[in-house]
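Below, each value reflects all heavy atoms present in this structure, side chains not excepted, and no hydrogens, waters or symmetry copies.
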Amino acid sequence: MAAAAALWRVLLAGSLLAARPPAGAQQSATVANPMPGASSDLLPRFLLEPQDVYIVKNKPVSLACRATPATQIYFKCNGEWVHQGEHVTQRSTDQGTGLPLLDVRIDISRQQVEQIFGLEEYWCQCVAWSSSGTTKSQKAYVRIAYLRKNFEEEPMGREVSIEQEIVLACRPPEGIPPAEVEWLRNEEPVDPALDASVYVTPEHSLVVPRARLADTANYTCVAKNMVARRRSSSAPVTVYVNGGWSTWAGWSACSAGCGRGWQKRSRSCTNPAPLNGGTFCEGQNVQKNACTTLCPVDGGWSGWSRWSLCALDCTHWRSRECSEPAPRNGGQECQGAELETRNCTTELCSHPASGPEDVALYVGLVAVAVCLVLLLLVVVLVCCRKKGGLDPDVADSSILTAGFQPVSSKPAKAGTSHLLTIQPDLSTTTMTYQGSLCSRQDRHSKFQLSNGHLLSPLGTGRHTLHHSSPAAEGVDFVSRFAAQSCFRSLPRGAANMAYGTFNFLGGRLLIPNTGISLLIPPDAIPRGKIYEVYLTLHKQEDARLPLAGCQTLLSPIVSCGPPGVLLTRPAILALGHCVEANAADWSIRLKKQSCEGTWEDVLQVGEQPASGLYFCQLEGQAAYVFTEQLGRFALVGESLSMAAAKRLKLLLFAPASCSSLEYSVRVYCLRDTPDVLQEVMQLEKQLGGQLIGAPRVLHFKDSYHNLRLSIHDMPSSLWKSKLLASYQEIPFYHLWSGLQPFLHCTFTLERLSPSTCQLACKVWVWQVEGDGQSFSINLNIAKDTSFSDWLVPDSEAGCPALVGPSAFKIPFLIRQKIISSLDTPCARGADWRTLAQKLHLDSHLSFFASKASPTAMILNLWEARHFPSGNLAQLAAAVAEVGKQDSALFAVSEAEC
């Protein structure tokens, strides 16, 4: 036994020397004698082997081993034994097998790993001993963990069409261990396991095979490991939808109820509608075709047949047929009876003697005759009273509507000039005008047109007319009318409103700098009546004017009233328009709003009016509406061809000075009417802008093409534009409808140096495949320009309400003489028709002829067109030309014509 024990010690010592454990381990290791039949024939088996670990920042890591049966376990790192003092050992016995169990652990610091960094990776391995030999564990690598800050490739934003593929690439920052990648959509995680519409490639790219509108979002790539978490820049993805046309709607009914007309059909860009910046549909949304409708023919009676023989009942009859012509194409049937009967007497029948019935018949006929004679006498008396001229006294009169204030007129004292005093409920001021009224004996007398100055000032007679003061009456006037249902949409202020009190002498209302005025001619208001009249400019949102199809608003919306008053002669409403009138290109209608709020077509401009209530004289830039019924009016047009054009006015504004690096240039596109120009001017006055160059006119055609604006020729070394695209665009329908009187685009520029004071560039404004205009800019932005230097001057200075003869260029007496001389038709042609020809108004003779005084209509229109700068000398020359056609006119009496 002693020899065997000695041999065992020799073998154990040899195996330890062969393994070359650390010196400290050789000095302290004590090997116990193995139990007979125990684990003397077993090699060590590792129950726990060291695993790869990462050092985060400066925190040390631990490696652990566990083996059985083992007497000793030591770590070897990068081929070198770890000192025994660095091992933490724990011995125990496996409860199941009774074999010895050994646990060993060591700590590795960052400094130990960095000492061999760059040569090879740092690794460690466990070596376990038993009486039967040694066993080595797997190698465990110790690495320093990190994650770089910058991504090797970040995702880029993009715009894609719907149903297209989206690929967002992402290469995470370099790191140990390699970073894991996840995606965020609007800060919410994207999980391909839950969303089958996306997937992530092995290269970490996010792929959306078929883009949806819901995929429009900001996408972020996130990389993370045990050290840090990094986020890429957000990549905005926009999924846009290009517009698509819907199917064509059915053709509309033919516009003409009889003869040639046109019909149209439309489609909309809604299949699908453009979204997220998608392109608008190319092409027309309206098609028009000529059409012909069979004209209805009303039936007409044929001649009566012969009377039949007298029957036994003492009657005979005759008939006719509805056959000349017969009704067709929806025409009306003949009106009246087709069979007529009456009494007859022949030898076959006899009549009884006259009885009481015949006497009653004769008495009734006599009574009817007497009533007709009395009615005729009353009519004659009324006509004579109306022709009696200006009465010296004006009797008290009641006002037509509840909106008027009671007035009274008192007779003048004997020996004084006539005074017509109107006494409203408010304080009054006095307006005095020069001139005399026409006397009764001069009404029908002829005058010599060639002698002296026809339109020279009259005598010095003075007539005083008291009326309400506008300054004191403004708030009360608006509040009185606005309380009634027909006037609830009146603006609550006097900025775009004029008003006054008028009688039979007439007058004029005007809204300064808007081109809008209302002429009330003499005798339009019945004598003895006094009306409070207003004139108002409306905004579209207040008037709620509906537009259908390709209709467009061509003028401002104007109210004059109160509606319902009795006018014996048409008033003339003047307002601007923006249409390039051509009968072949446009269908223009005058619309009027009722008190119920509905808009109705009252006149087709350019055609013969169906009634004498309305007429419109359309000129180059203004329209003159004759109306005997006051109300709310607007001009609405509908294009008949793609050549139809509207006038747009282009204005360029910029700040008067600039204190920052940014500088804005504003381009306005507005309806070419004075009221909108005034509105834009006032707006820019509040913004402190200055007008650059003169306004330009652009002819905007009905071609369905948008309006584009761009800026060019800007020195890149001094300025840069902050506009991402090469141009800005205003949609066609926003401009064509006219519902918005003006639109604007802003070009934001940035100067590269605060010392830059000069700006030189060009701004182009053009319609795609249409007309265009350019502005040249050359500014010194360091110099402050006052707004008052370029504000449009008040060309319509004066009172917005003119009453009586002061409202007219033609003196009252001269006007009456012209009317009395030219109203009566003359065989030699020296009458109102020649005057209309001289004033280039002969295309409207039928309208003038339908009025009681055609000459008065012509002179009223001249007053409306030429106020306040009309040339009386030219009118006098035209009237004199009428007289020169027949020199005998000067000497003949009225009866000779």
How about Q112 and S109: does a side-chain donor come under 3.5 Å of a side-chain acceptor? yes
Sub-4.5 Å side-chain heavy-atom contact between P209 and S197: no
Would you call the rings of W736 and F700 parallel, tilted or perpendicular, taking 30° and 60° as the class edges? tilted
Tell me whether Q767 contacts the main-chain N or O of H705 through its side chain, where contact means a donor paired with an acceptor under 3.5 Å. yes
Does the side chain of L687 reach to within under 4.5 Å of the side chain of E684, using non-hydrogen atoms? yes
Check whether any side-chain heavy atom of C669 lies under 4.5 Å from a side-chain heavy atom of L735, and answer yes or no. yes
If you look at every heavy atom in L709 and L707, which pair is closest and at what distance? CD1-O, 4.1 Å
Determine whether H87 and I73 satisfy the following criterion, side chain to side chain contact (heavy atoms under 4.5 Å, CB included), listing intermediate values before the conclusion. CA-CA 9 Å; H87 291 72; I73 299 177; over 6 Å; no
Taking CH2 in W764 as the centre, count heavy atoms belonging to other residues, nucleotides or ligands within less than 6.0 Å. Is the count above 12? no
How about CE on M156, more than 12 heavy atoms from neighbouring residues, nucleotides or ligands closer than 6.0 Å, or not? no
With no hydrogens and no angle check, is any side-chain donor or acceptor of D94 less than 3.5 Å from a backbone partner on L101? no
For W183 and H204 the tightest heavy-atom approach is NE1-O, 3.1 Å
Using modelled atom types and a 3.5 Å cut-off, is there a donor and acceptor pairing between side-chain atoms of T238 and backbone atoms of Y240? no
Keeping S130 on the side-chain end and L42 on the backbone end, is there a donor-acceptor pair under 3.5 Å? yes
Could you check whether atom CD of E152 has more than 12 heavy atoms from other residues, nucleotides or ligands sitting under 6.0 Å from it? yes
Please check: side-chain N/O of E729 versus main-chain N/O of R708, any donor-acceptor pairing under 3.5 Å? no
Is a side-chain donor or acceptor of N186 paired with a backbone partner of A217 at a separation under 3.5 angstrom? no
I'd like to check T71 versus P100 (side-chain heavy atoms, cut-off strictly below 4.5 Å). Are they in contact? no
Salt-bridge contact K224-E180 (side-chain N to carboxylate O under 4.0 Å): no
What's the spacing between R171 CZ and C221 SG if we round to 0.5 Å? 12.0 Å
Test R230 against F151 for side chain to side chain contact (heavy atoms under 4.5 Å, CB included), laying out the working first. CA-CA 8 Å; R230 310 291 188 204; F151 280 75; 3.9 Å; yes
Return yes if a side-chain donor-acceptor contact under 3.5 Å exists between T220 and S234, otherwise no. yes
Does any non-hydrogen side-chain atom of L749 lie less than 4.5 Å from one of I711? yes
I'd like to check R45 versus T68 (side-chain heavy atoms, cut-off strictly below 4.5 Å). Are they in contact? yes
Looking only at non-hydrogen atoms, find the nearest pair between A128 and A67 and report the distance. CB-CB, 4.0 Å
Do E174 and Y146 have side-chain atoms, one donor and one acceptor, less than 3.5 Å apart? yes
So, does R267 use its side chain to make a donor-acceptor pair with the main chain of W245 at under 3.5 Å? no
Do you know which two heavy atoms are closest between G157 and A235, and how far apart they sit? N-CB, 3.7 Å
Does any N or O in the side chain of T135 come within less than 3.5 Å of the main-chain N or O of P44, such that one atom is a donor and the other an acceptor? yes
Under the disulfide bond (SG atoms under 2.5 Å apart) test, which residues partner C761, sequence neighbours left out? none
Hey, is E182 close enough to R229 for a salt bridge, meaning N to O under 4.0 Å? yes
Could you report the tightest heavy-atom contact between S710 and Y727, atom names first, then the distance? CB-CB, 3.9 Å
Should V104 and Y74 count as side-chain neighbours, where that means a heavy-atom distance under 4.5 Å? no
Exam field: side chain W719 to backbone Q758, donor-acceptor pair closer than 3.5 Å: yes
Worked check of side chain to side chain contact (heavy atoms under 4.5 Å, CB included) between N276 and L213: CA-CA 9 Å; N276 297 335; L213 288 176; 4.1 Å; yes
Report the relative orientation of the aromatic rings in Y668 and F653; use parallel for angles under 30°, tilted for 30 to 60°, perpendicular for over 60°. perpendicular
For residues N285 and Y733, is any side-chain donor paired with an opposing acceptor at under 3.5 Å? yes
Derivation and outcome, side chain to side chain contact (heavy atoms under 4.5 Å, CB included), residues Y54 and N225: CA-CA 11 Å; Y54 297 92; N225 63 7; over 6 Å; no
Would you find more than 12 non-hydrogen atoms of other residues, nucleotides or ligands less than 6.0 Å from R210 atom CZ? no
Only one of L651, V680, T746 passes side-chain contact (heavy atoms from CB on, under 4.5 Å) with R666, and that residue is T746
What are the two closest heavy atoms between Y219 and D215, and how far apart are they? OH-O, 2.9 Å
Does CD belonging to E80 count more than 12 external heavy atoms closer than 6.0 Å? no
Are side-chain heavy atoms of V142 and V61 found at a separation under 4.5 Å? yes
Under 3.5 Å donor-acceptor, H83 side chain and G85 backbone: yes
Can S753 and S755 be counted as having a side-chain donor-acceptor contact under 3.5 angstrom? yes
